[in-house]
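Worth knowing before you read on, the calculation uses all heavy atoms, side chains too, and leaves out hydrogens, waters and symmetry mates. Chain A is the first sequence line, chain B the second, and so forth, proteins listed ahead of strands; every chain is numbered from 1.
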Number of protein chains: 2
Amino acid sequence: MEKTLKRMATMHRMQTTGLNLFYKNGYYNTSVDDILKELSLSKGAFYYHYDSKEDFLVQIIEQLVVRKVYSMLIEPIEGHENTLDLITNCFEDALETAVHNELDYGFLLNNFINEFNGRNPEIMKHLNEILRIWEVTLVSAIQRGKFNGHIDRHVDAEGVAVYLMSSFIGIRTLMVETAPSARKYRFMSQLRQYFKSIESKSENQPNNTIY
Amino acid sequence: MEKTLKRMATMHRMQTTGLNLFYKNGYYNTSVDDILKELSLSKGAFYYHYDSKEDFLVQIIEQLVVRKVYSMLIEPIEGHENTLDLITNCFEDALETAVHNELDYGFLLNNFINEFNGRNPEIMKHLNEILRIWEVTLVSAIQRGKFNGHIDRHVDAEGVAVYLMSSFIGIRTLMVETAPSARKYRFMSQLRQYFKSIESKSENQPNNTIY
DNA sequence: TAGCTATCCGACTTGTTGGTCGGTTTTAAC
DNA sequence: GTTAAAACCGACCAACAAGTCGGATAGCTA
């Protein structure tokens, strides 16, 4: 098993530096040699572990991106507290890493979608799958919120989900150069404003108390 | 002047096909030869008119992108009708061209920002300038709305502007592959919902009647 | 110690890129 | 028709890309 461990360690090292460079410079604008140079590894090592540059990217998406999106955007809103609070905090945290110029996976998703859309259907399949899961999670969180009496029963859960995803993806693009911190603050304020407009108007007890 | 006309015609032809290809495949992923092939022109013609590929792009942005963004996203909201109606209609129209898979300049902006961010400061300067103008226009439209009594006086105009830009940029990314028409519809519904939450609550006459 | 295999090396091939340059054609003025 | 500038041609170059391949090395097993 020692051999397997070494293999995994090397591949993981390759993937993290690869992802960082893809994030910084884009996939098509990053050469395999660029990655190898940063790792002090050779072409041989790369093509020993991966079939091609694209295979490398697919494994990065499956191993790193999917998992990170899960931990940053999916799991935080799966709790049973007030849905709107959960989403607010989740976005707050995700955008905070962005303010500090760290690699943030929500934006990475946006980057990749723009780069591969209409050019590489294979990769797009993976990216769309991630988006789909995010959307589904949001929809059920909102429905849970309606059920628990935190969200008005008349709101369209799918609509809210699409609107939330849109605004999140968009604010990340707007935060890349100009006043990220100020823009984040303004964005979060308006998000709360929007949430106020869809939260339950009545002071009724939540639905689940009737059980 | 006949010579100048021919020059302009050729350059314009180059720019429109260039922009289309950049939109479809990205800037770095489109070679000068790709463009020339589509135009049935030669390298010589290209470098006779432009200093470099980057110079070519800058001229495209200045000649085509800026003007189109103006006519699609800026001018439509500069009228004196109800601001929220103007913005709603403007987004509605802009997203409709997107549904039909036409080259839409709001999305192009998003594409370019993602492609050049952190890689080409010269180009980013131009793109940020366009965003700035869009933001300023939105802010003053909202302030006009407050003044005219269509929008609640307590809302933060800058915040609303950032939120609107975010959501617009984001929905365009989400519309690229999955159910663009349905997503547009849901997005617009929620936008209206959000607008309801910031519109003037009272039935007071607008401010300007006191003059 | 010998041998086997997983890992890694780096020169190489093949193709593409942005850009150059000497030359040819087109155009308009005289 | 002559001429000169404007517009265009396309072979060419150096740099760089992804991917190949014969060989080196290191660590484990017998």
Interatomic distance where [atom1] belongs to [X] and [atom2] belongs to [N] [whole Å]:
X	N	atom1	atom2	result
B:Phe56	C:dG18	CZ	P	11 Å
B:Met11	D:dA6	CE	C1'	13 Å
A:Met8	C:dT7	CE	P	12 Å
A:Tyr50	C:dC8	OH	P	11 Å
A:Leu39	C:dT7	CG	C1'	15 Å

For A:Lys53, I'd like to know if atom NZ has over 12 heavy atoms of other residues, nucleotides or ligands within 6.0 Å. yes
Would you say OH of A:Tyr47 has more than 12 non-hydrogen atoms from neighbouring residues, nucleotides or ligands within 6.0 angstrom? yes
So, B:Phe56 versus B:Phe46, ring centres under 6.0 angstrom or not? yes
Any carboxylate oxygen within less than 4.0 angstrom of a Lys/Arg side-chain nitrogen, looking at A:Lys184 and A:Glu92? yes
Could you tell me whether A:Glu135 and A:Arg132 make a salt bridge, using a distance below 4.0 angstrom between a side-chain N and a carboxylate O? no
Base-contact (B) and sugar-phosphate-only (S) positions in nucleotides 8-21 of chain D, heavy-atom cut-off under 4.0 Å, - elsewhere: SBB------SBBB-
So among A:Leu84, A:Asn82, A:Ile151, which one has a side-chain contact (heavy atoms from CB on, under 4.5 Å) with A:Glu199? A:Leu84
